[in-house]
Amino acid sequence: MKVRTRFAPSPTGYLHIGGLRTALYAWLYARKNNGEFILRIEDTDQQRLVPGACDVIYSTLKETGLTYDEGPDIGGKFGPYIQSERKGLYREYAHNLVAAGAAYYCFCTKERLDALRSDCEQAGCVFKYDKHCLALTKEEIRAKIDAGEPYVIRQNIPLEGETAYTDAIFGEITVPNSDMEDNILLKSDGLPTYNLANVVDDHLMDITHVIRGIEYLSSTPKYNLLYKAFGWEVPQYIHLPPVMRDQQHKLSKRHGDASFEDFVQKGYLKEAIVNYIALLGWSPPDNREIFTLAGLAEVFSLSGISKSPAIFDEDKLKWMNGEYIRALPPEEFERVARPYMAQAIDVDKFDTALIARLIQPRTEVLTDIPGKLEFLEAFPKYDLALFAHKKMKTTPESALPVLLRAKETLAALGDYSPETLHDALLPLAAEMGIKNGQLLWPVRIAISGTAVTPGGATEIASLLGKQEVLRRMEESIARLRAAVQ
RNA sequence: GGCCCCAUGGUCAAGCGGUUAAGACUCAGGCCUCUCACGCCUGCUACAGGGGUUCGAAUCCCCUUGGGGUCACCA
């Protein structure tokens, strides 16, 4: 039988990192097994509809390369793929369940339920629906429905016994029936709850492997009772442990660390994010860490999935993002970096190819690019103490004569390529009998006014150009003169 | 709280009864070097605790502790 997996998010307006990882694993499993990956939108909660939310899901999946074979926007032979468009179906199946005795009508009002709940709370017990409406006769039910009383359909769960199933990751899971509630299957608005919809759709859509979050681990027996009542074959279950922010909190929207988009905005490359989350909760058979999607699909296996929650480590993501950035072809890096350069400098005034070459190995996230370039656009009013460098044994005093000589050389030079500058300045150091660093450190400070720059004196000088270099040299020399005196 | 599940360094993790308990990130030190970074090398840090089973336990069992999940007309 052909493997079919699905990703079934609720349209909340953003794609949670944990959700993305679930989608990734479902996608990988399908691809690895030459199967199909389906996208289904679970929008049965009318209260939480967010306009445009589906588009976020479609576009994120496409941007990350998690292509689906069937889905709302591309169709497929098991459509529609949006649950609200399948309303009639669920109603029909819910009624079949009632006919089979596996479900029943419930007319209990919110008030009665609330009263029951608070009584329970006072008594210190856990609330569970009391099957009150199960006792209704056919006639009573008919009368209520004819009278237009709103109703829901509840699952009729046995009071005794237990229900078990085997999860591919966690093994055998057994839950006492008495712990399960007669959940609502069909709401009074005619739409199904997840309890019904996931079962009906997974079956109708021929899903063979249900890959989803661990929050469903202990409610899965209930769904299996439904499969059984329908006479359907249950799928293989694969529950995934959660992605955490720290030991006790999940990644949350509030903390700005929950959605894929948040990380893209923070300057992470899409490929790096996907690669990182693939490793959060799953490990490959070997020690590799850098994978393309295709590479992952080749080695992905359920046996590598771990059982315990994984804490999202942004430090490691940063490192991985750096790896991806460094691996980019130079032109490609320049292209993605350019908008970030533009935040700090006038990109038409500078040699952006050279800048790109300099910052590529120094960039971990795209967003730290502007900060590295500010000194190019505006010469900072720096502290003269910057001329002091312990290892180089330079001081503001020793810098002055060095700068005077360097300025002469710099003024005499026509070509300002890094190579020419290099070839002119190094001999000067030799001639002066000082170390390269003792010459180049003061020069770099004098023209950048910045302790740490992406590149050395010759490279910075090249970027700045002769005119600006000489201007900055003069200004620095003047300030030094005034201070040293 | 009931029920279900989990437990190797700060983090991700390998390990499937016999290992000097991998690797990666972080951190520290060093090399390289025109600053920083990159790269390269070295180092610090772990089997939650207690009982069993076994010739032998990180690996199997039990308890404790800690953590997660779940108990909605949400998914």
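Order of the sequence lines sets the chain letters (A, B, ...), proteins ahead of strands, with each chain counted from 1. FYI, side chains are in, hydrogens and waters are out, and symmetry mates aren't considered; it's all heavy atoms of this structure.
Taking the P atoms as reference points, B/U64 lies 27 Å from B/A14, given to the whole Å. A gap of 37 Å separates the C1' atoms of B/C62 and B/C25, to the nearest Å.
For A/Ser218 against B/C5, a side-chain-to-base donor-acceptor contact under 3.5 Å is absent.
Base pairing of B/C71 is made with B/G1, judged by Watson-Crick or G-U wobble geometry with both donor-acceptor distances under 3.5 Å. Pairing for B/A37 is absent, judged as Watson-Crick or G-U wobble with the two contacts each under 3.5 Å. In this entry B/C12 has B/G23 as its Watson-Crick or G-U wobble partner, both defining distances falling under 3.5 Å.
Rounded to an integer number of Å, the gap from A/Leu439 CG to B/C34 P is 11 Å. The nearest whole Å value for the distance from the CD atom in A/Gln248 to the P atom in B/G69 is 10 Å. Regarding A/Gln247, its CD atom lies at a distance of 11 Å from the C1' atom of B/G10, rounded to whole Å. The interatomic distance linking A/Glu42 (CD) with B/A75 (C1') rounds to 7 Å, in whole Å. The distance from atom CG of A/Asn183 to atom P of B/U70 is 14 Å, rounded to the nearest whole Å. Rounding to whole angstrom units, NZ of residue A/Lys318 and P of B/U11 are separated by 18 Å.
Using a 4.5 Å cut-off on side-chain heavy atoms (C-beta onward), A/Leu136 and A/Phe107 make contact.
At the heavy-atom level, A/Leu280 lies under 4.0 Å from the strands shown only through sugar-phosphate atoms. Among the heavy atoms of the strands lying under 4.0 Å from A/Tyr216 is at least one base atom, whether or not backbone atoms are also near. Within 4.0 Å (heavy atoms only), A/His239 reaches no atom of the nucleic acid at all. Note on A/Glu172: only backbone sugar-phosphate atoms sit closer than 4.0 angstrom, heavy atoms only; bases stay farther off. Base engagement by A/Gly455 is indicated by at least one non-hydrogen atom pair under 4.0 Å involving a base atom. A/Ala310 comes within 4.0 angstrom of the backbone, heavy atoms only, and of no base. The residue A/Thr363 sits apart from the nucleic acid: no heavy atom pair falls under 4.0 Å. At a threshold of 4.0 angstrom between heavy atoms, the contacts of A/Ser10 are confined to the sugar-phosphate backbone, with no base atom among them. Within 4.0 Å of A/Gln46, counting heavy atoms only, lies no atom of the nucleic acid at all.
Checking the phosphate oxygens (OP1, OP2) of B/A75, a side-chain nitrogen or oxygen of A/Thr44 falls inside 4.0 Å. For A/Arg326 and B/A37, the shortest distance from a side-chain N or O to OP1 or OP2 is not below 4.0 Å. Between B/C71 and A/Arg117, no contact under 4.0 Å exists linking OP1 or OP2 to a side-chain N or O. Contact check, A/Lys307 against B/C4: no side-chain N or O comes under 4.0 Å of OP1 or OP2. Look at A/Ser283 and you'll find a side-chain N or O under 4.0 angstrom from OP1 or OP2 of B/A14. OP1 and OP2 of B/C6 both lie 4.0 Å or more from every side-chain N or O belonging to A/Ser306. Using a 4.0 Å cut-off, no side-chain N or O of A/Asn287 falls inside it from OP1 or OP2 of B/G23.
Note: A/Tyr14 and A/His16 have tilted aromatic rings, judged against thresholds of 30 and 60 degrees for the angle between ring planes. A perpendicular orientation is assigned to the rings of A/Tyr223 and A/Tyr194, their planes being inclined by more than 60° (bins at 30° and 60°).
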Check: Which is it for A/Asn198 and A/Arg212 under the side-chain contact (heavy atoms from CB on, under 4.5 Å) test, yes or no, and what are the steps along the way?
Finding: CA-CA 11 Å; A/Asn198 93 85; A/Arg212 72 199 351 168; 3.0 Å; yes

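Along RNA chain B, the nucleotide nearest to A/Glu215 and the one nearest to A/Thr193 differ in position, and the one closer to the 5' end is contacted by A/Glu215.
Remark: the backbone N or O of A/Ile57 is not paired with any side-chain donor or acceptor of A/Thr60 at under 3.5 angstrom.
With distances taken from any side-chain atom of A/Phe127 to the nucleotides B/A72, B/A75, B/C12, the minimum falls on B/A72.
Listed in residue order, the members of residues 390-397 of chain A having a heavy atom less than 4.0 Å from RNA chain B are A/Lys391, A/Met392.
Ion pairing of A/Arg112 with A/Asp130 is present here, as a side-chain N (NZ or NE/NH1/NH2) and a carboxylate O approach within less than 4.0 Å.
Residue pairs meeting the salt bridge (charged side-chain N to carboxylate O under 4.0 Å, His left out) criterion with at least one member in residues 150-162 of chain A: none, sequence neighbours excluded.
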